[in-house]
2 protein chains.
Amino acid sequence: MKTLRLTSNDRAVLFDSRFFARLPRATAEAILDGTIASTHEEHDILFRQDEPVDHVFFVLSGLVRLYRLGKDGREADIAVFPKGEIFGENAMFLEHRATANAQAAEPLIVARLESRKLRQLAAENTDVAQALIELLCHHGKMTEDCLAEDRLLTAPQRVASYILSHCPDGLSSFSFRLPFQKNVLAGKLGLAPEALSRAFSMLRQSGVTVKGRVIEIRDRQALEKF
Amino acid sequence: MKTLRLTSNDRAVLFDSRFFARLPRATAEAILDGTIASTHEEHDILFRQDEPVDHVFFVLSGLVRLYRLGKDGREADIAVFPKGEIFGENAMFLEHRATANAQAAEPLIVARLESRKLRQLAAENTDVAQALIELLCHHGKMTEDCLAEDRLLTAPQRVASYILSHCPDGLSSFSFRLPFQKNVLAGKLGLAPEALSRAFSMLRQSGVTVKGRVIEIRDRQALEKF
DNA sequence: CATGCGGATTGACCCTAATCAAATAATTTT
DNA sequence: AAAATTATTTGATTAGGGTCAATCCGCATG
């Protein structure tokens, strides 16, 4: 891990993000004051479950995987955060202890916001508090979605749902590139890689073609009723 | 459904709850101003997924089940709220749309806080915002726990974990009464009732005795390593 | 172009939990 | 207390995925 100063491009990315965009520029600046960035290799651990964390993280580039460990060492993914997303914010209000492990799923650069300062600002400034509230809501809903999908959908259905979530409304046929390795996608969907693979091949019969990272959909309808 | 005025006992319960306890009395009063209570029979629906909700709910007595519906009509429980807990708060920040269905799992009385007013108060008052933040964090962590357990633990392990969560530290043997029907517990743990039953009988060999709603543990150690 | 590596796929097998059906409790009603 | 419901348990069967092993593919490397 190397630490860096924020570049002006980094700042632009930050200010554009959902979290900062809603804040007055001065407030955003105040939060970022003292913030540094750090780079990590794939597989590096940013923090571990139950250990103290002193930052809230913003993904400047790369990908982070949040997961919990089972007694037997198995890993359960809680969430995956691409560029532009914030994570680790809940530790701020839980004695600064992480609720999960965070690992770079690709070469990674994150901005590290000082969590004590941010917490303090949230306690003084309703704009900041508001932004945090919406962030927490958003994350909460994501986990809820995840839990519901796990409990309601089979593997092919979860994959279909994931694909559809990338399909702009109205199009019946389109294609896109997976934003990360199938490996990671499998984890995010709560599947073993093999199961993801099989799910894809199951979906072939509904007009889904997979070539490397590129997914092509011929028939949206078919996918929806899967 | 009948609507009632809050009794003074209701107010006491409210003020004692985690959410209100941290607020200055005047602030709490302000939130409660205009709040009414409503009673519901078992199985009544309080609100449905994706429909508008204008309240945040506080359970005064009884039990609420939050769940999502699958396309096939199957239900996936997201959470269960006993007396003293708040739910429905995330809709406030998601266009006032519920993310799940809420159903009375027993005869129920809830206090209905006006969500627009509460949201407004949160926007003006950092104490209120703070209380909401902690509530959201807490709920977020619960769903996260749930997701992780689903993905990491087998049915008997989830049941063991549930039992242990009711066992005061240090005791090696104790007993308690399930706070709701096995039915509901099964849903909460993401299991079919049959699976819960089988899990219990599996745990018998680790010193767990089940008599009606009463669970007795003979050997905490054994449970922990299950 | 051959080589090697890691990710992805496929096959075989197994285990967990869902489902369906039936038998037993437990509760509530009468 | 008998009858009628409503929970819960148990048994049998099955579907869905996990795991392990082998193979394949894509891509970087020499």
Side-chain angles (χ1 to χ4, degrees), chain A residues 41-43 63 65 70-77 105-107 147 149-162 177-205 208-215 226, chain B residues 41-43 63 65 67 70-77 104-107 146 149-162 177-205 208-215 226:
Chain A
E41 324 246 319
E42 187 171 348
H43 299 135
L63 198 69
R65 198 169 72 88
K71 277 206 293 285
D72 52 0
R74 275 177 29 255
E75 304 182 346
D77 284 32
E106 303 181 350
L147 180 64
E149 295 213 336
D150 270 24
R151 290 184 172 182
L152 290 171
L153 305 183
T154 66
Q157 289 173 326
R158 302 212 281 259
V159 176
S161 151
Y162 175 80
R177 207 183 141 72
L178 290 177
F180 32 67
Q181 283 188 308
K182 299 215 178 94
N183 221 346
V184 177
L185 177 57
K188 179 179 154 71
L189 298 178
L191 298 173
E194 294 95 325
L196 175 64
S197 202
R198 283 186 247 270
F200 272 132
S201 71
M202 192 114 298
L203 291 178
R204 243 198 315 266
Q205 70 190 61
V208 175
T209 319
V210 180
K211 269 215 212 63
R213 274 203 191 178
V214 178
I215 312 288
F226 204 95
Chain B
E41 323 248 318
E42 186 170 352
H43 299 134
L63 198 69
R65 199 170 71 88
Y67 63 98
K71 276 205 294 286
D72 52 359
R74 277 186 15 264
E75 305 182 344
D77 284 32
E106 303 181 349
C146 215
E149 294 212 337
D150 270 26
R151 291 184 171 182
L152 290 171
L153 305 184
T154 67
Q157 289 174 326
R158 302 212 281 260
V159 177
S161 151
Y162 175 80
R177 206 182 141 72
L178 289 177
F180 32 67
Q181 281 189 308
K182 299 215 178 93
N183 219 349
V184 177
L185 177 58
K188 179 179 153 74
L189 298 179
L191 298 173
E194 295 94 325
L196 175 64
S197 199
R198 283 187 246 272
F200 273 132
S201 72
M202 192 114 297
L203 291 178
R204 242 196 317 263
Q205 71 190 61
V208 175
T209 318
V210 181
K211 269 214 209 66
R213 274 204 189 176
V214 178
I215 312 288
F226 204 95

Measure all distances between protein nitrogen or oxygen atoms and nitrogen or oxygen atoms of nucleotides 3-7 of chain C, and list the pairs falling under 3.5 Å.
none

Note: A:Lys188 and A:Phe180 closest approach over all heavy atoms is CD-CZ, 4.0 Å
Please identify each residue that fulfils ring pair (Phe, Tyr, Trp, His ring centres under 6.0 Å) with B:Phe200, with sequence neighbours left out. none
If you define the side chain from C-beta out and look only at heavy atoms, does anything of B:Tyr162 sit under 4.5 Å from B:Leu178? yes
Tell me: CZ of B:Phe180 to C1' of D:dT6, nearest whole Å? 19 Å
Which atom names give the shortest non-hydrogen contact between A:Arg65 and A:Ala105, and what distance separates them? CB-CB, 4.4 Å
Answer yes or no: is there a side-chain heavy-atom contact under 4.5 Å between B:Val210 and B:Lys182? yes
For the helix from C:dC1-D:dG30 to C:dT30-D:dA1, how many degrees between its two end axes (five pairs per end), to the nearest 10°? 40°
I need the B:Glu106 CD to B:Glu41 CD distance, nearest 0.5 Å. 13.5 Å
For the CG atom of A:Leu196 and the CG atom of A:Asn183, what is their distance to the nearest 0.5 Å? 9.5 Å
Could you measure the distance from the CG atom of B:Leu152 to the CG atom of A:Asp72? Nearest 0.5 Å is fine. 7.0 Å
Listing time: all N or O pairs from protein to nucleotides 26-30 of chain C that are below 3.5 Å?
none

How far does CG of A:Leu63 sit from CD of A:Glu42, to the nearest 0.5 angstrom? 9.5 Å
Locate the shortest heavy-atom distance separating A:Ser161 from A:Glu149; write the atom from each residue and the value. OG-OE2, 2.8 Å
B:Phe200 CZ - C:dA17 C1' separation (whole Å): 16 Å
Write down the distance between CE (B:Met202) and P (D:dG11), rounded to a whole number of angstrom. 12 Å
If you restrict it to nitrogen or oxygen atoms, what contacts under 3.5 Å exist between nucleotides 16-20 of chain D and the protein, and what is each distance?
| unit_1 | atom_1 | unit_2 | atom_2 | d |
| --- | --- | --- | --- | --- |
| D:dG17 | OP1 | A:Ala155 | N | 2.4 |
| D:dG17 | OP2 | A:Ala155 | N | 3.2 |
| D:dG18 | OP1 | A:Gly190 | O | 3.4 |
| D:dG18 | OP2 | A:Ala192 | N | 3.3 |
| D:dT19 | O4 | A:Arg198 | NH2 | 2.8 |
| D:dC20 | N4 | A:Glu194 | OE2 | 3.0 |

With B:Arg151, which residues qualify under side chain to side chain donor-acceptor pair (under 3.5 Å), at least two apart? A:Asp150
Just the rounded figure in Å: distance from P of D:dA7 to CG of B:Leu185. 15 Å
Value in whole Å for how far the P atom of D:dA7 lies from CG of B:Leu178: 15 Å
Any chance you could measure A:Arg198, atom CZ, to A:Leu203, atom CG, to the nearest 0.5 Å? 14.0 Å
Taking atom C1' of C:dC15 as reference, at what distance in whole Å does atom CD of B:Gln157 sit? 13 Å
Between B:Arg158 and B:Leu189 the two heavy atoms that sit nearest each other are NE-O, 3.0 Å
